[in-house]
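Written out below as structure tokens is the structure these notes cover.
Values below: every heavy atom of this structure, side chains too, minus hydrogens, waters and symmetry copies. Every chain is numbered from 1 and lettered A, B, ... according to where its sequence line falls, protein lines coming before strand lines.
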Amino acid sequence: MIVRPGCAIFLAATMPELPEVETVVRGLRASLPGRTILDVRLGKSDFVDDPSALGDCLPGTRISDVTRLGKFICIVLESLEKSLGPESISAPRLNLIIHLGMTGQLTVRPASDPVAPHTHCFFALDDGRELRYTDIRRFGRMLIVPESRMAEFLGHLGKEPLQIGPDEFCRDLGSRRARIKALLLDQRVLRGIGNIYADESLFRSRIHPAQIAENLGKKQLLALRRAVREILTAAIRLRGSSISDYVDANGKRGEFQQRHRVYQRTGKSCFRCRGKIRRVIVAGRSSHFCPRCQPAPRSREK
DNA sequence: CTTACGGCCTGGGTGC
DNA sequence: TGCACCCAGGCCGTAA
């Protein structure tokens with residue numbers, strides 16, 4: 001892929017989870033703040049909570065920051081309307097919140113660039129570039145949340161996996177009777193972990209995905225928290241996992257897929273014990289694990 | 001209240 | 001060559 005100057009590309013192809021979204025956000029944060037949105041154009045809009053609000057509210061706002069909330073991208077927008085009084089009445093701040101779903105991509109490129117198929121949303125910027133949203137399957141989501149309602153929005157989300165402390169982690173997960181894999185995937189418990197990093201974290205901490213969280217010992221819970229932190233940190237450093245054609249701002253693929261120990265390695269041998277990696281359905285999701293390194297629950301409990 | 005599960009959304013890839 | 005089917009993550013409704 002050829003990447004021309006001024007043609008910044010931040011996209012995540014298959015299954016963007018916390019590390020992929022973080023990589024995209026870092027790219028956007030280096031490129032978007034300071035830019036003003038001039039215009040919004042929409043193609044298919046069934047993934048937008050309130051399509052007409054995009055055109056009504058966004059043109060004329062200035063991007064001040066780009067942050068990540070779990071798997072959500074948050075583009076912070078300041079109104080440019082001049083304050084009426086000498087002391088600026090707090091300008092209404094809006095947050096453009098984007099979830100990439102499974103196939104969502106955000107790109108920033110010259111408006112004259114060819115448009116990729118399945119591009120459904122165009123934000124024209126004041127420097128001749130466009131922020132574009134492309135999503136083959138439209139499992140993504142886009143919504144505007146005023147600053148006054150951000151607390152409510154965040155109320156639906158759990159804690160950041162890289163910020164939660166050991167005591168909180170043990171309390172929030174260890175008190176639950178659900179299977180641990182289901183809890184790791186539950187965005188109301190922890191925000192940002194998806195199937196890849198749940199499986200990799202469970203393998204690293206040697207916990208079977210179907211283990212009941214409540215039955216885990218404190219040492220196991222602490223090991224799991226550490227594994228989650230180490231896996232996510234390493235994945236961010238390697239700019240995420242590229243399953244197909246994910247590339248970062250410099251056109252580079254993520255590299256963490258080369259570190260996968262169990263995810264999509266069904267039938268292959270475990271790097272740790274040479275046993276065969278298995279795949280089972282837990283919490284309705286494919287779960288990859290090593291039966292020898294991650295002993296099944298209550299198979300041999302007292 | 002908590003947990004489990006099935007179905008729905010969509011379309012690329014797969015296998016027949 | 002065509003085409004039925006599988007699967008992915010989040011969400012919702014329903015059941016236990």
* Name all residues meeting the ring pair (Phe, Tyr, Trp, His ring centres under 6.0 Å) criterion together with A:F203; count only those two or more places apart in sequence or in a different chain, and write none if there are none. =>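 Applying ring pair (Phe, Tyr, Trp, His ring centres under 6.0 Å) to A:F203 gives none.
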* Asked: Going by an N to O cut-off under 4.0 Å, is there a salt bridge joining A:R129 and A:D127?
  ->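 Salt bridge: yes.
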* Does the pair A:E20/A:K71 count as a salt bridge with the N-to-O cut at 4.0 Å? ->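 Here A:E20 does not pair with A:K71 in a salt bridge, since their nearest N and O are not under 4.0 Å apart.
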Filtered N/O pairs between nucleotides 9-12 of chain B and protein, under 3.5 Å:
from   : atom 1 : to     : atom 2 : distance (Å)
B:dG11 : OP1    : A:R138 : NH1    : 3.2
B:dG11 : N2     : A:R137 : NH1    : 3.3
B:dG12 : OP1    : A:H118 : NE2    : 3.1
B:dG12 : O4'    : A:R137 : NH2    : 2.9

* **Sequence neighbours excluded - side-chain hydrogen bond (donor to acceptor under 3.5 Å, both in side chains) pairs with any residue from residues 56-66 of chain A** =>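 Non-adjacent pairs meeting side-chain hydrogen bond (donor to acceptor under 3.5 Å, both in side chains): A:S64-A:E78.
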* To do: Provide the full list of side-chain hydrogen bond (donor to acceptor under 3.5 Å, both in side chains) pairs with a residue in residues 279-288 of chain A, sequence neighbours left out, each pair given once.
  =>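 Every pair satisfying side-chain hydrogen bond (donor to acceptor under 3.5 Å, both in side chains) with a residue in residues 279-288 of chain A: A:K181-A:S287, A:D199-A:H288, A:R279-A:S286.
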* Asked: Got a second to check how far A:L221's CG is from A:L216's CG, nearest 0.5 Å?
  ->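 It is 5.0 Å, given to the nearest 0.5 Å.
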* **Set of side-chain hydrogen bond (donor to acceptor under 3.5 Å, both in side chains) partners for A:D186, sequence neighbours left out** =>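 In terms of side-chain hydrogen bond (donor to acceptor under 3.5 Å, both in side chains), with neighbours along the sequence ignored, A:D186 is linked to A:R188.
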Using salt bridge (Lys or Arg N to Asp or Glu O under 4.0 Å) as the criterion, list what pairs up with [X], not counting sequence neighbours.
{"X": "A:R141", "value": "A:D49"}
{"X": "A:R204", "value": "A:E230"}
{"X": "A:E160", "value": "A:R68, A:R191"}
{"X": "A:R265", "value": "none"}

* Sub-4.0 Å heavy-atom contacts from residues 281-288 of chain A onto DNA chain C, ordered by number ->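 The answer is A:R285, A:S286.
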* Establish, yes or no, whether the cationic atom of A:R138 lies under 6.0 Å from the six-membered ring centre of A:F47 and within 45° of the ring axis. =>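 Cation-pi check for A:R138 and A:F47: fails.
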* Which angle, rounded to 10°, do you find between the first-five-pair axis and the last-five-pair axis of the helix from B:dT2-C:dA16 to B:dC16-C:dG2? ->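 One end's axis against the other's: 50°.
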* Going by heavy atoms closer than 4.0 Å, what residues in residues 173-186 of chain A are next to DNA chain B? ->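 A:R176, A:R177, A:A178, A:R179 - these, ordered by number, are the residues of the stretch whose heavy atoms sit under 4.0 Å from the strand.
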